[in-house]
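From a predicted model like this one, the values you see are computed outputs, not experimental measurements.
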Amino acid sequence: MSGMRGPAIPHAGKPAKVAHARVVVPFEDNRHLNRLLGEYDGHLALIEDRLGIETHAHGNVVTLTGPAEACATAREVLEKLYMRIRRGEEIGAGDVDGLLRHSRAEPDGKDNLPQIRTRRRVITARSPNQSHYIRALDRSDLVFGLGPAGTGKTYLAVAHAAQYLERGQVERIVLSRPAVEAGERLGFLPGDMREKVDPYLRPLYDALYDVLPPAKVERDLLSGVIEIAPLAFMRGRTLSHAFVILDEAQNSTSMQMKMFLTRMGEGSKMAVTGDPSQIDLPPGQKSGLEQAVGLLRGVKGIEAVRFDAGDVVRRDLVARIVEAYDKAAASDRAGNSK
């Protein structure tokens, strides 16, 4: 048997060789290339940075050089972006980053990323958890979105509500938020109800104006099709055929959360968003957000999607800030448990 040889075993300590490739990716229409490559080839630079490859654009061809698997991923990303541009969609660095995130987490899931479509914008999921969140908003009547700032949980909920309103799937949108800084006592502030709660609901307004024409937003606010309601003023109501969003829900008490969730009426959907690590309630008051998620786990028609620093879509620095705070919090918990 001495003539038989088994498979070669690499020497210990020596890394396995990585297959390199040179991939040429042609595109039919030169008119789309500037948008595909980004300003000053910024999209290509992002792909190079994320995948560790080299890219070169010449004419209607992009050449990719580097590890074979990374080049294959880059080719898929470029081709998906090109197809979006041909459909008339706007793309930016965030869309490039989103496809790269999905390619790392879901190698077979890049083809059918969920989208939200309004008259003004097409929003495509930029991380696997955003994909889960958009799908959950579609299939479930109550969805909790939990995680740090910059993960898109509030923006996507507002965009989804706008999409439902435009399609006639709901008759109105109701936006709510705890006004913790004012102790829920808004009477001393000048102006009407909308002006009183504007400082607390500004992020929701920003999202509305981003996904709907500003003139429509103003009309719908005046007519009540879009309603702004501080959490303290929700008691006693039944909200039917509406898409209802509670933002900054970590600042609601247990009783307030129960009150809010039981406002749901026929034909309504709810999205509850918040960051459990950013509770601004007075000392001694327990947040109702995590309690609600725990109590309702497994209930049919209710889902919870958790985001983390890896889902931050604003910019890399924000993700690093979130990670630093998460590490500090974990260290504190470990120290307190000793």
Stepwise side-chain contact (heavy atoms from CB on, under 4.5 Å) check, Leu142 with Leu261 | CA-CA 9 Å; Leu142 170 59; Leu261 296 178; 4.0 Å; yes
Contacts of Glu48 meeting salt bridge (charged side-chain N to carboxylate O under 4.0 Å, His left out) (sequence neighbours excluded), chain-then-number -> none
Ring pair (Phe, Tyr, Trp, His ring centres under 6.0 Å): which pairs involve residues 139-178, sequence neighbours left out?
-> His160-Tyr164, Tyr164-Phe243
In terms of hydrophobic clusters joined by side-chain contacts under 4.5 Å, are Leu204 and Val225 together?
-> yes
Taking all atoms of both residues into account, what is the closest heavy-atom pair of Cys71 and Val23, and its distance?
-> CB-CG2, 3.8 Å
Pair Glu227 + Arg237, salt bridge at N-O below 4.0 Å = yes
Indicate whether the side chain of Asn129 and that of Ser127 have a donor and an acceptor atom separated by less than 3.5 Å.
-> no
Applying salt bridge (charged side-chain N to carboxylate O under 4.0 Å, His left out) between Glu89 and each of Arg117, Arg35, Lys80, report the one that passes.
-> Arg117
side-chain contact (heavy atoms from CB on, under 4.5 Å) between Met270 and Val143, intermediate numbers included | CA-CA 6 Å; Met270 277 189 173; Val143 177; over 6 Å; no
Would you kindly say whether Gln285 and Thr253 are connected by a side-chain donor-acceptor distance under 3.5 Å?
-> no
Say whether, by atom type as modelled, one donor and one acceptor occur between the side chain of His56 and the main chain of Thr63 under 3.5 angstrom.
-> no
Assess the side chains of Ser240 and Ser268: does a donor N or O sit below 3.5 Å from an acceptor N or O?
-> no
Ionic contact status for Asp97 with Arg126, cut-off 4.0 Å = no
Would you mind checking if Arg306 and Glu290 are paired as a salt bridge, meaning a charged N to carboxylate O distance below 4.0 Å?
-> yes
Quick one: do the Thr151 and Asp311 side chains pair a donor with an acceptor below 3.5 Å?
-> no
Taking 4.0 angstrom as the limit, do Arg84 and Glu90 come out as a salt bridge?
-> no
